[in-house]
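Worksheet: the structure to be examined is printed underneath.
Within every chain, numbering begins at 1; the chains are lettered A, B, ... in the order of the sequence lines, protein sequences first and strands thereafter.
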Number of protein chains: 2
Amino acid sequence: MLSKKTKYALHALTYLGKHRENKTVLIQDIAEEHGISHKFLENILLELRKAGYLGSKKGKGGGYYLIKEPKEIPLSRIIRLLDGPIALLPCVSLNYYEPCDECKSEVQCGINKVMAQVRDETLKILENKSLQDILDGE
Amino acid sequence: MLSKKTKYALHALTYLGKHRENKTVLIQDIAEEHGISHKFLENILLELRKAGYLGSKKGKGGGYYLIKEPKEIPLSRIIRLLDGPIALLPCVSLNYYEPCDECKSEVQCGINKVMAQVRDETLKILENKSLQDILDGE
DNA sequence: CACAAACTCTATAAAATTTATAGGGATTAT
DNA sequence: ATAATCCCTATAAATTTTATAGAGTTTGTG
């Protein structure tokens, strides 16, 4: 399951995607719309900005706005950014690899092999769905 | 990512799958083979037995054994049993459904729709991989 | 029959992670 | 100058995961 952080990020991105004509959107507005804690959401938007998805403007009249095309924001990226690995095991993660303690040898581990396949197929799904697909469904 | 519980369950099932000729296998043996805590593994094997994957024999000479064909044990089932939902959001979970607090209406939520698709496609993957596939890779 | 080996079951503790809050700083429009 | 707004880091609270403990129960064996 996705963490609330990621779920909130998706809601925020969706909201921003729906308000691209406005110059900026307040954290407050997104938080209120979805009943999310302002401060918690603030941290999430900050991460999205640092990762290059959002732009922001400080001071009075400031706020956030989307700086990427919705179709250029695949679910895989958002999930990785906020939740970490997409792979089901650390030993098959492309971006967050770590060996598994209880495995003597990865090369002869059937679990490792199957999970690498699962990762590849899962990635295909998540790379092919973007914020645009979410917006299309609203 | 899978919890350690699920990961250990997969290791245990694999071990049991590789020792089907023996009548029973000791918890201890599996725990030692993978450096897992005996007591933690015990709880896991108990769950697997209650769910109908394993049989057990008490007393001296007892232990656990696989009572299903490895190809009849899809990853989806093991993951659901020990980790819970496969869906990325509670609002699209088939087996553990719960509404999302921050969603006003599921029918007009683009996230919900996309995640339902992701769930369907992910399920296809996990239902098609079984313990047999793991055993084949060992 | 006594005993030891093994699983059964439930409760609880420890650790880790996620979720949420807090508050002072920096910037900007008016 | 002031108020609105994002920036940043730290910490607290809640939840979940991981691990441990210990008293049952069953069974093979001498």
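- Straight-line distance from the CD atom of A/E102 to the P atom of D/dT18: 11 Å, rounded to whole Å.
- Taking the side-chain hydrogen bond (donor to acceptor under 3.5 Å, both in side chains) definition, one finds that B/D136 meets it with B/Q132, sequence neighbours left out.
- Between A/Y15 and A/H11, the gap from one ring centroid to the other reaches at least 6.0 Å.
- When atom types are taken as modelled, the side chain of B/K68 and the backbone of B/I73 share no donor-acceptor pair closer than 3.5 angstrom.
- Each of B/N43 and A/L41 has a nearest nucleotide on DNA chain C; the 5'-most of these lies closest to B/N43.
- Taking atom CG on A/D29 and atom P on D/dA4, their separation rounds to 14 Å, with Å as the unit.
- Across the protein-nucleic acid pair, A/H38 atom NE2 and D/dC7 atom P stand 11 Å apart, rounded to whole Å.
- A side chain to side chain contact (heavy atoms under 4.5 Å, CB included) with A/R80 is found for exactly one of A/L126, A/L75, A/I86, namely A/I86.
- Between B/R20 and B/E69 a salt bridge is recorded (basic side-chain N to carboxylate O distance below 4.0 Å).
- Nucleotides of DNA chain C that come within less than 4.0 Å of any heavy atom of chain B span, from the 5' end to the 3' end, C/dA5 to C/dT10.
- A/C91 has its side chain out of reach of A/P99: every pair of non-hydrogen atoms, C-beta onward, lies at least 4.5 Å apart.
- Looking at residues 1-14 of chain B, you'll see B/S3, B/K4, B/K5, B/Y8 sit with a heavy atom under 4.0 Å from some atom of DNA chain D.
- In the region residues 51-58 of chain B, proximity to DNA chain D at under 4.0 angstrom, judged on heavy atoms, holds for B/K57, B/K58.
- A/I44 has its side chain out of reach of A/T6: every pair of non-hydrogen atoms, C-beta onward, lies at least 4.5 Å apart.
- Under the side chain to side chain contact (heavy atoms under 4.5 Å, CB included) test applied with B/L54, the options B/V25, B/L46, B/I67, B/L13 reduce to a single match, B/L13.
- For the pair A/F40 CZ and D/dA14 P, the computed distance is 15 Å after rounding to whole Å.
- One side chain, A/Q28 or A/E32, offers a donor N or O that lies under 3.5 Å from an acceptor on the other.
- B/R119 has its side chain out of reach of B/P85: every pair of non-hydrogen atoms, C-beta onward, lies at least 4.5 Å apart.
- The stretch residues 79-87 of chain A has no heavy atom under 4.0 Å from DNA chain C, so no residue of it qualifies as close.
- Heavy-atom nearest nucleotides on DNA chain D were determined for A/G59 and for A/K50, and the one closer to the 5' end corresponds to A/G59.
- Listed by chain and residue number, B/S37, B/E42 satisfy the side-chain contact (heavy atoms from CB on, under 4.5 Å) test with B/K39 (two or more places apart in sequence, or in another chain).
- When heavy atoms are screened at a 4.0 angstrom cut-off, A/E42 is found touching base atoms of the nucleic acid.
- Taking the side chain as every heavy atom from C-beta outward, B/K7 and B/M1 never approach each other to under 4.5 Å.
- Among the heavy atoms of the strands lying under 4.0 Å from A/I27 are primed sugar atoms or P, OP1, OP2 only; no base atom is included.
- A salt bridge is absent between B/E72 and B/R77: the closest approach of a Lys/Arg side-chain nitrogen to an acidic carboxylate oxygen does not fall below 4.0 angstrom.
- At whole-Å resolution of the value, NZ in A/K39 and P in D/dA13 are 17 Å apart.
- Minimum interatomic distance between B/A51 and B/L81 (heavy atoms only, all atoms of both residues): CB-CD2, 3.6 Å.
- Going from atom CG of A/L26 over to atom P of D/dC7 covers 12 Å, rounded to whole Å.
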